[in-house]
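First listed ligand is number 1; within each ligand, the first listed atom is number 1. These numbers come from the heavy atoms of this one structure, side chains and all, not from hydrogens, waters or symmetry mates.
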Amino acid sequence: MRYNPFTHHRFLTNAVIALFVIAFLLSAQAGELKPLADIAWLDILGEGGIVLMTLTWIAALLISRPPGKVTSFLVLGLGLFMFSASLDLFDEWLHQPTNTWLTWIESLPAPIGMIFTSLGLYQWHQEQYVLNRQLKRREAQHREHELVCSITGLYKADYLQAVLKEQLSEPQPLQLAAIDIRGFADFNAEFGFIEGDRLLGEVSELLLMNCRLSDVVCRYAGDCFMVLMPNTSAVQAKELVAQITSALSHCAFKVEGEKHAKFQDVTAALVGSMQGDTPHSLSSRLHAKLQQQKQQRVSHCEAVS
Ligand SMILES: Nc1nc2c(ncn2[C@@H]2O[C@H](COP(=O)(O)OP(=O)(O)OP(=O)(O)O)[C@@H](O)[C@H]2O)c(=O)[nH]1
């Protein structure tokens, strides 16, 4: 999600604009225009660049971050730094009388701003620690935001392949499970894609809830999810998959505008790593097993009916 600086961060945006305008008014009120020959254009380029870059960082923060303590500290800190830098920049055009209070105003805000920014960065570190804990089970040691599925917030297949490659080089056994929603195409056809997306989101949350902190849950394709279980025996993995399928089948999903909840049925398959396995060989084996399970269920249903 992106934030609108003028609606989500009205106070901070106004404060930054006000600091820039005040810097200009203070310089204009006390200073005299310099003759063109005295203007150091290289200094203007350097100091103007600092002001512009600081404003760009502020804009990036306001667009990317939600309102809160961390954003306020960072933006106000950078705002104060930008205020001092702007006074420095306007000095290049406007000659200021020496030993005035303006010299104080020019020097003080920058260090105060840096203290604010440092406090903000410390708070950011604390916040990231909490977020990293929340992200456990969604990712292993790497963060690759472009590989995250926007519907479920889970990593996609490419990420899983990369993590598998790393994990397969470890001596401990790993298990890989596939969980596929049954009849998802029919669900989409009956209730629409938006509800289908919502169901995918809810299924992801349930999967995360039922996995351990060391597991990694990915959206593999369409309605198929995979759970990577490092350092896990086949018995443990079977138990975990049974818990996941049970939780999913008991989940009463509320379709918008429908009176009754919809319960989902899933097909699950599980494979363990073998000596010499590659990400491709392991996922191919899992895919084949999943297809086999689906086929068995179809045959079973046909036999019953
Ligand atoms: N809402 C939604 N649907 C998707 C998305 N990606 C794929 N699909 C749909 O998921 C469906 C997957 O179809 P199938 O692989 O036949 O799955 P299924 O109907 O569950 O079939 P079985 O697994 O054999 O029971 C297709 O209708 C796709 O259009 C998505 O991001 N959002």
Side-chain angles (χ1 to χ4, degrees), residues 1-2 135 137-139 143-164 175-211 215-229 237-238 240-271 279-280 282-305:
M1 165 174 187
R2 291 197 172 85
L135 283 172
R137 286 179 284 193
R138 285 180 192 262
E139 68 185 13
R143 182 158 301 160
E144 306 282 353
H145 68 275
E146 64 279 13
L147 299 182
V148 173
C149 156
S150 58
I151 295 168
T152 59
L154 296 177
Y155 275 106
K156 295 186 269 192
D158 289 349
Y159 182 84
L160 182 72
Q161 295 296 319
V163 178
L164 268 179
Q175 306 288 326
L176 188 63
I179 316 283
D180 188 284
I181 305 172
R182 288 190 71 204
F184 186 59
D186 296 342
F187 183 94
N188 268 335
E190 193 175 349
F191 305 112
F193 250 65
I194 295 177
E195 285 303 295
D197 284 358
R198 217 162 62 72
L199 175 63
L200 291 174
E202 302 284 314
V203 168
S204 323
E205 292 300 326
L206 260 176
L207 283 172
L208 291 168
M209 207 186 291
N210 282 278
C211 285
D215 302 329
V216 180
V217 182
C218 287
R219 182 179 176 200
Y220 199 69
D223 60 345
C224 180
F225 297 84
M226 284 200 185
V227 182
L228 169 68
M229 295 164 255
K238 258 188 194 160
L240 199 97
V241 170
Q243 287 162 356
I244 290 174
T245 48
S246 162
L248 287 172
S249 62
H250 285 97
C251 168
F253 181 72
K254 313 291 185 303
V255 178
E256 191 70 25
E258 286 287 313
K259 270 194 197 145
H260 301 292
K262 297 284 161 199
F263 291 86
Q264 304 308 314
D265 199 2
V266 294
T267 313
L270 178 68
V271 291
H280 179 71
L282 188 65
S283 25
S284 299
R285 220 165 47 247
L286 182 61
H287 186 70
K289 196 154 180 194
L290 185 69
Q291 293 312 316
Q292 194 188 338
Q293 302 275 61
K294 282 188 182 185
Q295 200 50 50
Q296 273 174 9
R297 293 192 74 148
V298 171
S299 315
H300 177 72
C301 290
E302 281 171 359
V304 169
S305 61

T152/F225 under side chain to side chain contact (heavy atoms under 4.5 Å, CB included): CA gap, chis, key distance, verdict: CA-CA 10 Å; T152 59; F225 297 84; 4.2 Å; yes
Sub-3.5 Å N/O-N/O distance, I151 and ligand 1: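 By distance alone, the answer is no.
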Nitrogen or oxygen of L200 less than 3.5 angstrom from that of ligand 1: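 No, since none of the N or O atoms of L200 sits under 3.5 Å from an N or O of ligand 1.
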Those residues that, when tested against K238, pass side chain to side chain contact (heavy atoms under 4.5 Å, CB included) (two or more places apart):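 K238 satisfies side chain to side chain contact (heavy atoms under 4.5 Å, CB included) with L270 once adjacent residues are dropped.
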Proximal atoms of ligand 1 relative to G222 (non-hydrogen, under 4.0 Å):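 Once the distances to G222 are compared, the set is 6 (N), 7 (C).
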Distance filter under 4.0 Å to I181 heavy atoms, resulting ligand 1 atoms: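 Answer for ligand 1: 20 (O), 23 (O).
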Measure the distance from [atom] to every protein heavy atom, then report the residue, atom name and distance (to 0.1 Å) of the closest one.
atom: atom 25 (O) of ligand 1; result: G183 N, 2.8 Å
atom: atom 28 (C) of ligand 1; result: N188 ND2, 4.4 Å
atom: atom 11 (C) of ligand 1; result: F184 CD2, 3.9 Å
atom: atom 29 (O) of ligand 1; result: F193 CZ, 3.6 Å
atom: atom 2 (C) of ligand 1; result: D197 OD1, 3.2 Å
atom: atom 23 (O) of ligand 1; result: D180 OD1, 2.8 Å
atom: atom 17 (O) of ligand 1; result: D223 OD2, 3.3 Å

Student check: side-chain heavy atoms of [X] and [Y] closer than 4.5 Å:
X: D180; Y: Y220; value: no
X: V203; Y: L207; value: yes
X: Q264; Y: L248; value: no

[atom1]/[X] to [atom2]/[Y] distance, rounded to the nearest 0.5 angstrom?
X: C149; Y: K156; atom1: SG; atom2: NZ; result: 6.5 Å
X: T267; Y: Q296; atom1: OG1; atom2: CD; result: 10.5 Å
X: I179; Y: S204; atom1: CD1; atom2: OG; result: 12.0 Å
X: E256; Y: R198; atom1: CD; atom2: CZ; result: 6.0 Å
X: L164; Y: L160; atom1: CG; atom2: CG; result: 4.5 Å

Side chain, backbone, both or neither: Q295 near ligand 1, heavy atoms under 4.0 Å: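 For Q295, no heavy atom sits under 4.0 Å from ligand 1.
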Residue selection (non-hydrogen contact nearest atom 6 (N) of ligand 1) among K294, Q291, R219, E195: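 It is R219 whose heavy atom sits nearest to atom 6 (N) of ligand 1.
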Option nearest atom 16 (O) of ligand 1 (shortest heavy-atom distance, choices A185, G196, G192):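 Result: the heavy atom closest to atom 16 (O) of ligand 1 is in A185.
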Closer than 4.0 Å: a protein non-hydrogen atom to atom 14 (P) of ligand 1: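 Protein heavy atoms within 4.0 Å of atom 14 (P) of ligand 1 - there are none.
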